Amino acid sequence: MLIATNWYDWITPTTPMAAIITGIVFSILIALLVWMEQREWRASLAFTGMGAGVTILVTGVLEMIGYFG
């Protein structure tokens, strides 16, 4: 698994680590939007956790089928 990232990885991640970082960053941004609407940390932390989990799961599946190779 490569750890190096490039500046254009936010458009289309080219490595699994770039995909995980991009997914978690977008999950945090969405969680901040949820917090601004709900004003409840529990809901925003739930969205962050679900987003990070889905990101890691999908990245693992993409790695298994050879998307990043």
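What you see is a predicted model, and the numbers here were worked out from it, not measured in a lab.
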Side-chain touch Thr59/Phe68, heavy atoms, less than 4.5 angstrom:
yes

To the nearest 0.5 Å, atom CD1 of Ile56 lies from atom CD of Glu63 at 13.5 Å

* Asked: In terms of hydrophobic clustering (I, L, V, M, F, W, Y; side-chain heavy atoms under 4.5 Å; direct or indirect links), are Val25 and Met17 co-clustered?
  -> yes

Rounding to 0.5 Å, atoms CH2 (Trp35) and OG1 (Thr48) come to a distance of 13.0 Å

CD1 (Ile20) and OG1 (Thr15) are apart, to the nearest 0.5 Å, by 8.5 Å

Heavy-atom closest pair (Thr55 atom, Ala19 atom, distance to 0.1 Å) is CG2-O, 3.7 Å

Note to self: Can you confirm whether Ile65 sits close enough to Leu62 that some side-chain heavy atom of one is under 4.5 Å from a side-chain heavy atom of the other?
What the structure shows: yes

Query raised in the report: Where the side chain of Asp9 meets the backbone of Ala18, is there a donor-acceptor pair that is under 3.5 Å apart?
Result: no

In the structure I gave you, are the side-chain heavy atoms of Leu32 and Ser44 within less than 4.5 Å of one another anywhere?
no

CD of Gln38 to CZ of Phe47, rounded to nearest 0.5 Å, is 8.0 Å

Exercise. Is any side-chain heavy atom of Tyr8 closer than 4.5 Å to a side-chain heavy atom of Thr14?
Worked result: yes

